[in-house]
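Below: one structure, written as structure tokens.
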Amino acid sequence: MTTSTLDAPPRGALGRIVDRLGGGLVQAVLVVIGLFWLVPTLGLFVVSIRDETANNSTGWWTILTKPAELTFKNYSDLLATGFTASFWNTVFITVPSTVLVIGIAAMAAYAFAWMEFPGRDALFLVVVGLLVVPTQIALIPIAKLYGSAGIFGSIVSVVLFHVAFGLPFAIFLLRNFFAGISRSLLEAARMDGAGEWKIFSTVVFPLAKPAVASLGIFQFLWVWNDLLVSLVFANTENQPMTKALQSQMRQFGTNVDILAPGAFLSLIIPLILFFAFQRYFVQGMMAGSVK
């Protein structure tokens, strides 16, 4: 009996079963689970390309036997309602909110992690404490502030609100990631004559791509799917897609022929973003779990 066999921990019955079945079955099960989770998305797409009469009378799965019900008229009707403007409003709100949060939080996190200044720990505790502040508490005071500043109802007001409430979590997340970077890398850069900005931009920030990607995905999804803030601060001209879809709700039912294609269009962009950056997202989620 070899030394490795003696040192190996005893295998349970479940472990032996997994070893015998191999990884192929596990992967097949994961594929089935993934397809199962995609069923609602597929159903939403099918509903979005069926007419209202068919959606009200039968389920979306009947399309397998009645492909003639497929039509893209719902999308043309949706665009006729001015949904394109709401789409671009969502982009103009989400992109600046995400970029500003990442940029400001990264610089603040570097300062909290590697720079010495009076009150650093106390100020970081204040930032962490802001994580527990509910969004609803600040709606009325900030609405009054925006009214005094003359920006209430504009895209700028929505962006500023999302940036303010996105910064505490972003700083907390990136600061913990930056603190795990080896000190020797920063000391070597200082010995080469690099200043704090040079160290941040060429050493620390490039190493934080996985964490930044994870933060960017979270922030993008939070802002893209937000309804509460846009209901309070955005007027009709600057409303994002979520508010535009909410305005299509009928009093006694749902406007399926408008809501379904609008919901699918609002869903497809986050899906593309997630699949494009999923590698960095997984790395960011696993960062710090192993050494």
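Annotation for Ile140: atom CD1 does not count as buried by contact number, only 12 or fewer foreign heavy atoms lying within 6.0 Å. Under a cut-off of 6.0 angstrom, the local environment of CZ in Phe36 is sparse, with at most 12 non-hydrogen atoms contributed by other residues, nucleotides or ligands. Within 6.0 Å of atom CD in Gln246, more than 12 heavy atoms from other residues, nucleotides or ligands are found, so the atom counts as buried in its surroundings.
Using a 4.5 Å heavy-atom threshold, the side chains of Val39 and Leu35 count as separate. Taking the side chain as every heavy atom from C-beta outward, Leu245 and Phe83 approach each other to under 4.5 Å. A 4.5 Å side-chain heavy-atom check between Thr41 and Leu271 finds at least one atom pair inside the cut-off. Within the 4.5 Å cutoff, side-chain heavy atoms of Arg190 are placed close to those of Glu196. Between Leu173 and Phe218, the closest side-chain pair of non-hydrogen atoms is not below 4.5 Å. Side-chain contact between Ile49 and Tyr75 is present, with heavy atoms from C-beta onward closer than 4.5 Å. Within the 4.5 Å cutoff, the side chain of Ser230 has heavy atoms near those of the Pro240 side chain. Taking 4.5 Å as the limit, some side-chain heavy atom of Leu139 sits within range of a side-chain heavy atom of Leu228.
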Test side chain to side chain contact (heavy atoms under 4.5 Å, CB included) applied to Leu185 and Leu207, step by step: CA-CA 11 Å; Leu185 291 175; Leu207 291 175; 3.8 Å; yes
Derivation and outcome, side chain to side chain contact (heavy atoms under 4.5 Å, CB included), residues Val212 and Phe177: CA-CA 10 Å; Val212 170; Phe177 187 90; over 6 Å; no
Stepwise side chain to side chain contact (heavy atoms under 4.5 Å, CB included) test for Leu125 and Asp121: CA-CA 6 Å; Leu125 289 177; Asp121 295 337; 5.6 Å; no
Check against ring-ring contact (aromatic ring centres under 6.0 Å, His included), Phe169 and Trp222: CA-CA 12 Å; Phe169 174 77; Trp222 287 334; 5.5 Å; yes
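Between Trp224 and Phe220, the ring-plane angle classifies as parallel under the 30° and 60° cut-offs.
Looking only at distances, no side-chain donor or acceptor of Lys243 sits under 3.5 Å from a matching main-chain atom of Leu227. Between the Arg120 side chain and the Met115 main chain, a donor and an acceptor come within less than 3.5 Å of each other. The main-chain N or O of Leu221 is never found under 3.5 Å from a side-chain atom of Asp226 such that the two would form a donor-acceptor pair. In this structure, the side chain of Asn74 does not engage the main chain of Pro261 through any donor-acceptor pair within 3.5 Å.
Here the straight-line distance linking atom CZ of Phe152 with atom CG of Asn235 works out to 8.5 Å at 0.5 Å rounding. With rounding to the nearest 0.5 Å, the separation of CG in Leu186 from CE in Met191 is 13.0 Å. Note that the CG atom of Leu44 and the CG atom of Leu265 stand 9.5 Å from one another [nearest 0.5 Å]. Taking OG of Ser182 as the start and CD of Glu187 as the end, the distance is 8.0 Å to the nearest 0.5 Å. The CE atom of Met241 sits 10.0 Å away from the CG atom of Asn89 when rounded to the nearest 0.5 Å.
Minimum heavy-atom separation, Ala211 to Leu174: CB-CD2, 4.0 Å. Minimum heavy-atom separation, Ser86 to Ala244: OG-CB, 3.4 Å. Annotation for Tyr146 and Leu160: closest pair OH-CB, 3.5 Å, computed over non-hydrogen atoms.
Take Phe112 and apply the ring pair (Phe, Tyr, Trp, His ring centres under 6.0 Å) test, not counting sequence neighbours, and it matches Phe124.
Aromatic pair Trp197/Phe205: ring centres not closer than 6.0 Å. Aromatic pair Phe165/Phe161: centroids less than 6.0 angstrom apart.
Among residue pairs with one or both ends in residues 133-145, none qualify as side-chain hydrogen bond (donor to acceptor under 3.5 Å, both in side chains); sequence neighbours excluded.
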Show every donor-acceptor pair shorter than 3.5 Å between a side-chain atom in residues 93-108 and any protein atom, with sequence neighbours excluded, or say none if there are none.
{"from": "Thr94", "atom 1": "OG1", "to": "Thr90", "atom 2": "O", "distance (Å)": "2.7"}
{"from": "Ser97", "atom 1": "OG", "to": "Ile93", "atom 2": "O", "distance (Å)": "2.6"}
{"from": "Thr98", "atom 1": "OG1", "to": "Thr94", "atom 2": "O", "distance (Å)": "2.9"}

